[in-house]
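Step one of this worksheet: look at the structure below.
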Amino acid sequence: MTTTDLLPAPPPHAAARRALLAGSAGNLVEWYEFGVYGCFATVIAANFFSAPGGSGAGATAEGAGPGAEALVATYASFALAFFFRPVGALLFGRIGDRFGRRPVLVLVIGLMTLATTLIGLLPTRADIGAAAPWLLTFLRVVQGLSAGGEFGGAVSVMVEYAPPGRRGLYGAWQSFTVALGLLAGAATAAALATVLPAAALYAWGWRIPFLLALPLGLIALWLRTALEEPPGAPPPAPGTAVTAGEATAPARTGPVREQVRAVGLGIGRIMGWSAAGYTFLVVLPSHLQSALGASFRDALLATTLVNLGFAAAILPAGLLSDRVGRRPVMLGGALGVAVSAFPLLHVLQSPGASPQARAAAVLAAGALVGLLAGPGPAMLAEMFPRRVRCTGLGLSYALANAVFSGCAGLFVTALTARTGSTAVPALYAATACALSAPALLTLRADDHREPLR
């Protein structure tokens, strides 16, 4: 009997599609909320982080933005949630590797939905004083923990259920639902900004998108409770023999060193994706308002367009990586951002640029990030054997996002305020992608053809 004979048979396509739907549903809810938080950063700053009597909700409703300190504090809360994501990835990843993917996916979507809904019900600083920002930060921490477990479990399910030669496409659905969630958040915010007066938006309208997470989360929870575990034997208990299907996994005499190295390499490969993704897709609205003087509606329109470009490129990029490999697609995206970030931002800042040119610039920026995000989940999943896949790929993703995504808003806002330069977002995204390129070069040309370990 050969090693191939011992590998699990490919699952039926119907089961694979159900797993794809259940796995991606939670990502949509998670990133819908993160998109809403980014779009409403200036509103949240006014309601929770601006001192009474300063540039708070009342001042903002009349057209003045919150002070730089309040906006920095808002992004500090944003970043704090990201730094709890590795904790969630480690905690829920170990549960997923030992007890199965489904319990983790059910638990994390329940926590995320609860925390997001409670944000929509929180009293503001004008209502309860200094307790308001602390309560908001606590709920952001809960979201960070649940989001940390979401990626590892969801990607493991999608990729392990994928038919042969389709791991890139199936993994890309994780990123695609991220784009759908961000688009839904931006579109909801844009719609509210259009139909509500500014005073109503800052007073109570901002709560609506957070409360909408409740029905979305309940649907995702229903889908996940019916999910079956991916095909293949469960991970062996400590001390048991390794099966032939795991023969290529790192030896148990030294697994920690091997997995730490793999996590570090994974972080290097996706740092450009993390930095450019959050800079272009989430931080852009508040930067356009605070640094370039754009209106709230124009900033949201730009965010919607950049997310459309992002969404349009993800699935084709994942499918292309199944044909030509992960390396050329992801390397092309990283180098594309590094080369074009400054020219694209220049178009947005130029007073003489036409609306069509600005729309093309933000669409192109989103598409370049899509080249990274499409193959990225499958690439990470292929780096780790099944018995540590949830933990390994989840921890790589969470650590990269904690450093390069969670700090993006804080870094861009603070450095722009200190230097007065409006080119900081381009510098941040281009530098991270340039540094990520050497790690992407270590990908082998045939990684996408090898069976999962």
Side-chain angles (χ1 to χ4, degrees), residues 24-48 57-58 60-66 71 74 78 112-113 115-122 124 136 143 176-220 277-278 280-290 292-312 314 348 355-356 358-359 362-363 365-366 409:
S24 59
N27 291 295
L28 190 149
V29 176
E30 173 192 343
W31 292 91
Y32 162 82
E33 190 282 332
F34 274 99
V36 165
Y37 193 93
C39 289
F40 280 103
T42 53
V43 182
I44 291 171
N47 279 295
F48 288 91
T60 309
E62 295 171 5
L71 194 56
T74 303
F78 191 80
M112 175 63 74
T113 301
T116 304
T117 305
L118 289 176
I119 288 177
L121 299 173
L122 275 183
T124 65
L136 176 65
Q143 288 179 321
F176 184 63
T177 49
V178 168
L180 292 182
L182 291 172
L183 271 173
T188 303
L192 288 171
T194 300
V195 302
L196 291 178
L201 185 68
Y202 277 82
W204 55 267
W206 64 270
R207 298 181 183 276
I208 296 174
F210 292 96
L211 296 177
L212 287 176
L214 180 58
L216 292 174
L218 291 177
I219 293 172
Y278 260 77
F280 292 154
L281 306 178
V282 177
V283 178
L284 185 63
S286 59
H287 177 75
L288 290 176
Q289 293 175 78
S290 61
L292 302 180
S295 68
F296 188 51
R297 293 177 187 177
D298 287 346
L300 289 175
L301 177 60
T303 306
T304 302
L305 288 174
V306 75
N307 277 281
L308 281 173
F310 176 56
I314 290 171
L348 291 178
Q356 294 81 2
R358 293 179 180 178
V362 292
L363 284 169

For [X] and [Y], work out which heavy atoms get closest and say how close.
| X | Y | answer |
| --- | --- | --- |
| L305 | A359 | CD1-CB, 3.8 Å |
| V362 | V306 | O-CG2, 3.2 Å |
| G217 | T113 | CA-OG1, 3.2 Å |
| N27 | T177 | CB-OG1, 3.3 Å |

Extract all donor-acceptor atom pairs below 3.5 Å that involve side chains of residues 189-197 and protein atoms in other chains or at least two apart in sequence.
{"unit_1": "T194", "atom_1": "OG1", "unit_2": "A190", "atom_2": "O", "d": "2.8"}

Can you list the residues that meet the side chain to side chain contact (heavy atoms under 4.5 Å, CB included) rule with L218, with sequence neighbours excluded?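 With sequence neighbours excluded, L218 shows a side chain to side chain contact (heavy atoms under 4.5 Å, CB included) to L214, given in chain and number order.
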Looking at residues at least two apart in the chain, or sitting in another chain, which of them share a side chain to side chain contact (heavy atoms under 4.5 Å, CB included) with L180?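 Scan of L180 (side chain to side chain contact (heavy atoms under 4.5 Å, CB included), adjacent residues dropped) gives L28, F176.
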In chain order, what residues pass the side-chain hydrogen bond (donor to acceptor under 3.5 Å, both in side chains) check against T116, with sequence neighbours excluded?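 By the side-chain hydrogen bond (donor to acceptor under 3.5 Å, both in side chains) rule, T116 matches Q143.
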Under the side-chain hydrogen bond (donor to acceptor under 3.5 Å, both in side chains) test, which residues partner T124, sequence neighbours left out?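 Result, side-chain hydrogen bond (donor to acceptor under 3.5 Å, both in side chains) vs T124: D127.
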Once you round to the nearest 0.5 Å, how far does CG of L211 lie from CG of L118?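 Here the interatomic distance stands at 9.5 Å.
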Within this structure, what is the CE-OG1 distance for the pair M112 and T117, rounded to the nearest 0.5 Å?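 Reported to 0.5 Å precision, the distance equals 11.0 Å.
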Could you list the residues that satisfy ring-ring contact (aromatic ring centres under 6.0 Å, His included) with Y32, not counting sequence neighbours?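 Counting only residues at least two positions away or on another chain, Y32 forms no ring-ring contact (aromatic ring centres under 6.0 Å, His included).
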